[in-house]
There are 2 protein chains.
Amino acid sequence: MTRQVTSLSPTFSPLYRQIKELMMSSLEAGEWGPGDAIPSESELALRFGVSQGTVRKAIDEMAAENLLVRRQGKGTFVATHNDPRSFFRFLRLVPNEGGLQQSHSEPIECWRAKAGQDVARVLGLEVGKPITIVRRLLSFDAEPVVLDEIYVPSDLFPDLSLEILKGSDQSLYSMYESRYGVRMIRAEERIRAVAADKSNADLLRVPEGSPLLLVERVAFTYGNKPVEWRRGFYSTQKHHYLNELG
Amino acid sequence: MTRQVTSLSPTFSPLYRQIKELMMSSLEAGEWGPGDAIPSESELALRFGVSQGTVRKAIDEMAAENLLVRRQGKGTFVATHNDPRSFFRFLRLVPNEGGLQQSHSEPIECWRAKAGQDVARVLGLEVGKPITIVRRLLSFDAEPVVLDEIYVPSDLFPDLSLEILKGSDQSLYSMYESRYGVRMIRAEERIRAVAADKSNADLLRVPEGSPLLLVERVAFTYGNKPVEWRRGFYSTQKHHYLNELG
DNA sequence: CAGTGGTCTAGACCACCCC
DNA sequence: GGGTGGTCTAGACCACTGA
């Protein structure tokens, strides 16, 4: 482990953050895959030539960012969307009353297209690059609640198709992870109120013109790379979007 | 400092968390007021009879919860809503394009009433207790964007009136803090899409029936005590609600 | 029981701020 | 220069897990 000269460096970063960057590389390179246990703190300390406390602080930050999950007595694990605990991390819609509901995702269509200006800008692609578009309906207790239009670059998800979507029983992000090796770690949502058009209204079984939430989401993988754009139309008759402000 | 017997205690909590609770009491009791510097880490370590590292970990958690603010070389300070840095902590509405906008809050009405069932439930009051209701219009660059209906228990904000609201140039939460000693530390927002009624539509200068965001917020002070309920109608023509999903 | 993460300590030194 | 928070270390011990 090479220590940097700190006092003269204009871009000083503490040792634990350098360790964190090294560990991020291991995650990004797939040395530690989703669900895997990473080496123990003492092993990592040995490998990087620092004290256990320094490794610990690096892991602390990564756990706070939901990249790693610590389990006392067992070890530290790479977070995965397969874990039911992280299932609702990206879906903030909850029923107005009552507890957990049975959720079901019904794929409607899936086709290829060329990236228009908007998608290209959001996903950092060149205009005209192939993208894959998915429409799907999400239901709670058999009532349609969310209509999603999902845009992803085709090169990252080469064989994504309606058949594959229908054959999968996992969440979409679980499938991205296990089938395409793309892990979503962060997202931004922009929310507006809009009136339902004919097509959306029919699918969500609400009158045309009804107010809907429009939730536009950009999801990012390692290195802050945007890889999915999504427009979700939420019917908020019996559900609402819940947000905690710290 | 009395250390607890750890291994036999069914409600084990580590030392740093006990220190944190003691410090929370100091905050709640007003020993350290908003904006004040709290004692240095070494002083606190001495006072509580623990090592500096343990105090540090307690402060770490409180800083992560936005209760304290660390400033290297200067000290650790009690967070305050007067600080411009924490101004947008609770307002997630941002313009679709362009940067900062001039914001202006215009109080419309302010009156007393008795708590109905809904307000009483949300604020943990008895039905019939006196509450104060405020309506106000928030504008960005002189365009009305948010119409708020705000419900607070009158006993906590005894002399709240239209005159006081009009005379104040601070944010509402700054005023709660400096005038009534009530500090908001956390909030929950529930978001739905609704159609504008006549009154809201006129004030927000949109057609009647236009889709609006309805943002219902419960804000909490120390000890997770709810002290404000708020229904905000957001016009999302030129703005949107921004949410980061970690 | 051994191995993991979690807590706590004491001490050294660095970076930052202000007098 | 003296005070503050920030980093790093080495070592001890505790709590939890699973064989």
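Residue numbering restarts at 1 for every chain, and letters A, B, ... go by the order of the sequence lines. Everything numeric in this text was worked out from a predicted model, so none of it was measured. Every heavy atom of this structure was used, including side-chain atoms; hydrogens, water molecules and symmetry mates were not.
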Measuring from the side chain of [X] (C-beta onward, heavy atoms only), which nucleotide among [options] has the closest atom?
| X | options | value |
| --- | --- | --- |
| S40(B) | dT17(D), dG5(D), dT7(D) | dG5(D) |
| K74(B) | dA15(C), dT7(C), dC18(C) | dC18(C) |
| E43(B) | dT4(D), dA15(C), dT9(D) | dT4(D) |
| V50(B) | dT4(D), dC8(D), dT9(C) | dT9(C) |
| T76(B) | dG5(D), dG5(C), dC18(C) | dG5(D) |
| T54(A) | dG6(D), dC8(C), dT9(D) | dT9(D) |
| P14(B) | dC8(C), dG5(C), dA15(C) | dC8(C) |

Check the phosphate of [N] against [X], side-chain N and O only, distance under 4.0 Å to OP1 or OP2. Yes or no?
| X | N | answer |
| --- | --- | --- |
| R70(B) | dG6(D) | yes |
| R71(B) | dG5(D) | no |
| K57(B) | dC8(C) | no |
| S51(B) | dC8(C) | no |

Nearest whole Å is fine: how far is [N] [atom2] from [X] [atom1]?
| X | N | atom1 | atom2 | answer |
| --- | --- | --- | --- | --- |
| Y16(B) | dG5(C) | OH | C1' | 12 Å |
| I38(B) | dT4(D) | CD1 | P | 12 Å |
| F12(B) | dC14(D) | CZ | P | 11 Å |
| D60(A) | dG6(C) | CG | P | 8 Å |
| F77(A) | dT4(C) | CZ | P | 11 Å |
| Q52(B) | dC13(C) | CD | C1' | 12 Å |
| L44(B) | dG3(D) | CG | C1' | 15 Å |
| L46(B) | dT9(C) | CG | P | 13 Å |

Pairs satisfying ring pair (Phe, Tyr, Trp, His ring centres under 6.0 Å), at least one member in residues 24-43 of chain B, at least two apart | none
Starting at the 5' end of DNA chain D and moving along, which residue's nearest nucleotide shows up first, V55(A) or G75(B)?
-> G75(B)
Option from R183(A), E228(A), H81(A) for which side chain to side chain donor-acceptor pair (under 3.5 Å) with Y176(A) holds | E228(A)
Please check if the side chain of T76(B) supplies one atom and the backbone of R70(B) the other of a donor-acceptor pair under 3.5 Å.
-> no
Main-chain N/O of G33(B) paired with D36(B) side-chain donor or acceptor, under 3.5 Å | yes
How would you label the contact of Q72(B) with the nucleic acid (heavy atoms, under 4.0 Å): base, sugar-phosphate, or nothing?
-> base
List the atom of I191(B), the atom of L213(A), and the distance in Å for their closest heavy-atom pair.
-> O-CD1, 3.9 Å
Please say whether more than 12 non-hydrogen atoms of neighbouring residues, nucleotides or ligands are located less than 6.0 Å from CD in E244(A).
-> yes
Residue met sooner reading DNA chain C from 5', once S42(A) and R17(B) are mapped to nucleotides = S42(A)
